[in-house]
There are 2 protein chains.
Amino acid sequence: MPNNLNENELLHKNHDRYFVPGLSRGLRVLEIIAQADKPLTIAEIGKKLGVSRSSAFRITYTLRHMGFLSTDKGDKLFDLGPRVLGLGFAYLNRQDIIKIAKPFLEGLRDKTEVSSHLAIKAGREVLYLDNVLSKTSFVSNISTGERRPVYASPQGWLLMGGTSESDVRALFEDVAFKSLSEHTPANINQLIKRIREAEKLGYVISRGFMRHGGSIVTAPVFNEVGRVVAVIDISGPDSGFDFDKMDSFYVPHVVETAREISRNLGFRD
Amino acid sequence: MPNNLNENELLHKNHDRYFVPGLSRGLRVLEIIAQADKPLTIAEIGKKLGVSRSSAFRITYTLRHMGFLSTDKGDKLFDLGPRVLGLGFAYLNRQDIIKIAKPFLEGLRDKTEVSSHLAIKAGREVLYLDNVLSKTSFVSNISTGERRPVYASPQGWLLMGGTSESDVRALFEDVAFKSLSEHTPANINQLIKRIREAEKLGYVISRGFMRHGGSIVTAPVFNEVGRVVAVIDISGPDSGFDFDKMDSFYVPHVVETAREISRNLGFRD
DNA sequence: TCCTTAAGTTTTGTATATAAAACAATTTAA
DNA sequence: TTAAATTGTTTTATATACAAAACTTAAGGA
């Protein structure tokens with residue numbers, strides 16, 4: 001994984017002066033373990049991080065004694081510890097937008113009978129902050145905390161609205177565009193086109209996206225200075241939608257709900 | 001908060017040799033900000049952490065550039081950044097407890113015909129990790145990812161079992177006890193009483209809790225060292241329960257299911 | 001207005017965290 | 001079974017992270 005090394009180098013070269021390397025590396029160890037699909041050894045961690053075994057040893061030692069990492073009985077394999085949990089949920093608890101949006105999402109769910117969601121942009125990913133489950137078709141295939149690539153999701157395109165072309169290019173410079181469906185843009189130029197279309201239209205409808213038989217209607221939420229700060233959507237299996245009423249029913253409801261949330265964030269049309 | 005300092009000292013004295021102080025302090029900055037109910041300045045962070053302003057500056061600089069902290073427009077106030085979210089949810093995804101508990105929760109649902117749930121403690125909140133819907137009485141009013149205040153829920157009291165009185169007081173020191181029903185403790189003393197009762201009894205029955213016409217039967221799940229790590233419950237509208245069979249039927253089933261899950265986590269009575 | 005205090009930033013000498021190397025303990029291969 | 005390779009741990013010389021002090025800017029108070 002040369003990516004890990006590159007990111008490390010990049011951070012070091014750019015912000016050398018005040019950087020605390022031990023901290024940076026420790027947090028990246030947590031993410032490396034989070035992304036790995038199995039517990040890792042010290043040697044593996046060191047290799048992925050691009051540091052010596054002795055340094056990896058000291059970092060894991062610190063994290064383990066603090067409760068951010070746990071080990072198996074032999075102290076050979078490191079996995080995430082319970083102390084990391086507090087951080088993620090503390091973040092969620094402070095996002096006022098969740099509390100503000102909640103009743104509107106519930107209203108939208110009740111009107112459309114489809115699960116509704118709230119998401120923001122976190123780096124190159126769409127991050128789901130809340131989901132309100134449909135009462136009729138029980139399930140949503142998205143849960144709070146889940147992430148999707150920005151480039152490959154309609155919510156992501158809306159969230160990039162208002163971003164300059166050069167900023168978009170900078171953000172996706174070294175990203176491989178994997179084709180997740182026929183709608184996935186294959187390169188940056190196609191992505192920029194999608195972003196501009198979504199921006200102009202003010203909503204996105206997607207059918208058969210990311211997985212078979214799922215559909216999405218999504219619209220942007222603006223803050224007091226008119227920037228896109230979040231998106232809401234209704235989504236679920238195709239069986240939950242009446243496709244004849246897409247433009248006349250679902251879209252207006254989603255767009256209007258997004259606008260109401262925006263107004264509660266201080267947005268004035 | 002002298003606690004922060006003490007913990008720091010302790011860690012240093014005990015494990016001096018291989019400790020990475022920058023990492024330890026950075027993570028504690030994240031937790032300090034997570035626990036604070038407002039964004040903090042560099043000076044405040046330094047004070048709470050017990051380090052100089054210049055060190056606090058370097059730590060926040062590092063965390064901010066990595067996306068673990070965000071700042072307001074003036075770069076004066078620091079709050080948690082979106083990157084922390086990934087860590088918490090990665091932990092949840094790996095917690096075998098959800099997979100281990102699932103079949104037992106389903107069995108409990110089938111026997112009792114009431115929706116069953118799994119929850120853990122996350123800070124001052126009860127966090128629902130899984131719900132298994134009743135097939136007869138329509139819905140559960142709880143969904144995965146939802147949170148309830150620890151002090152106001154029977155599950156929360158059980159989850160606080162084994163916690164010392166002083167730790168309980170510290171945790172709820174600055175919490176306002178809102179009365180959510182006639183069963184809600186009105187202050188810390190009443191809460192401690194509830195916790196001890198729940199701990200002694202080994203389960204909690206609650207009728208008309210949190211909302212009209214809802215009941216709960218809940219019991220604790222223990223890990224291999226006998227600590228409470230989770231709770232399970234059955235809950236739903238009163239219409240789903242046969243109240244004559246509370247003690248003879250529902251309670252034994254819930255308690256026994258909790259014990260089976262505990263055994264699968266390594267607990268030995 | 002000027003003075004005082006406080007907070008953020010930068011510089012710098014020094015205490016110390018770090019990576020390499022050595023060592024110990026496993027695991028793998030022949 | 002023995003040798004070679006790999007991994008975890010300890011030591012240690014040195015590169016560097018740290019706290020203090022200096023500097024800069026902003027906020028209050030008289």
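What's counted below: heavy atoms across the whole structure, side chains too, no hydrogens, waters or symmetry copies. In what follows, chains carry the letters A, B, and so on, assigned in the order in which the sequence lines appear, proteins first and then strands, with residues in each chain numbered from 1.
Taking the six-membered ring where the residue is Trp, A:Tyr151 and A:Phe177 present tilted rings, their angle falling between 30° and 60°.
Rounded to whole Å, atom P of C:dA17 lies 15 Å from atom CG of A:Leu23. Distance, B:Phe19 CZ to D:dA17 P: 18 Å, rounded to whole Å. C:dA7 atom C1' lies 14 Å from atom CG of B:Asp72, rounded to whole Å. Whole-Å rounding puts the B:Leu77 CG to D:dA26 P distance at 16 Å. In this structure, B:Ile59 places its CD1 atom 14 Å from P of C:dT9, rounding to the nearest Å.
Residue B:Phe78 is tested with B:Asp72, B:Leu63, B:Ile45 for a side chain to side chain contact (heavy atoms under 4.5 Å, CB included); the sole match is B:Ile45.
Using a 4.0 Å cut-off between charged nitrogen and carboxylate oxygen, A:Lys121 and A:Glu125 do not count as a salt-bridge pair.
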CA sep, side-chain torsions, deciding dist, call: B:Arg148, B:Tyr128, side-chain contact (heavy atoms from CB on, under 4.5 Å): CA-CA 9 Å; B:Arg148 300 278 163 86; B:Tyr128 289 91; 3.8 Å; yes

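For B:Arg227, the CZ atom is loosely surrounded, since the number of other residues' heavy atoms within 6.0 Å does not exceed 12.
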Would you mind building the protein contact string for nucleotides 4-9 of chain D? One character per nucleotide, 5' to 3', B for base within reach (heavy atoms under 4.0 Å), S for sugar-phosphate only, - for untouched. ---BBS

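Side-chain atoms of A:Asn131 and A:His117 include no donor-acceptor pair closer than 3.5 Å.
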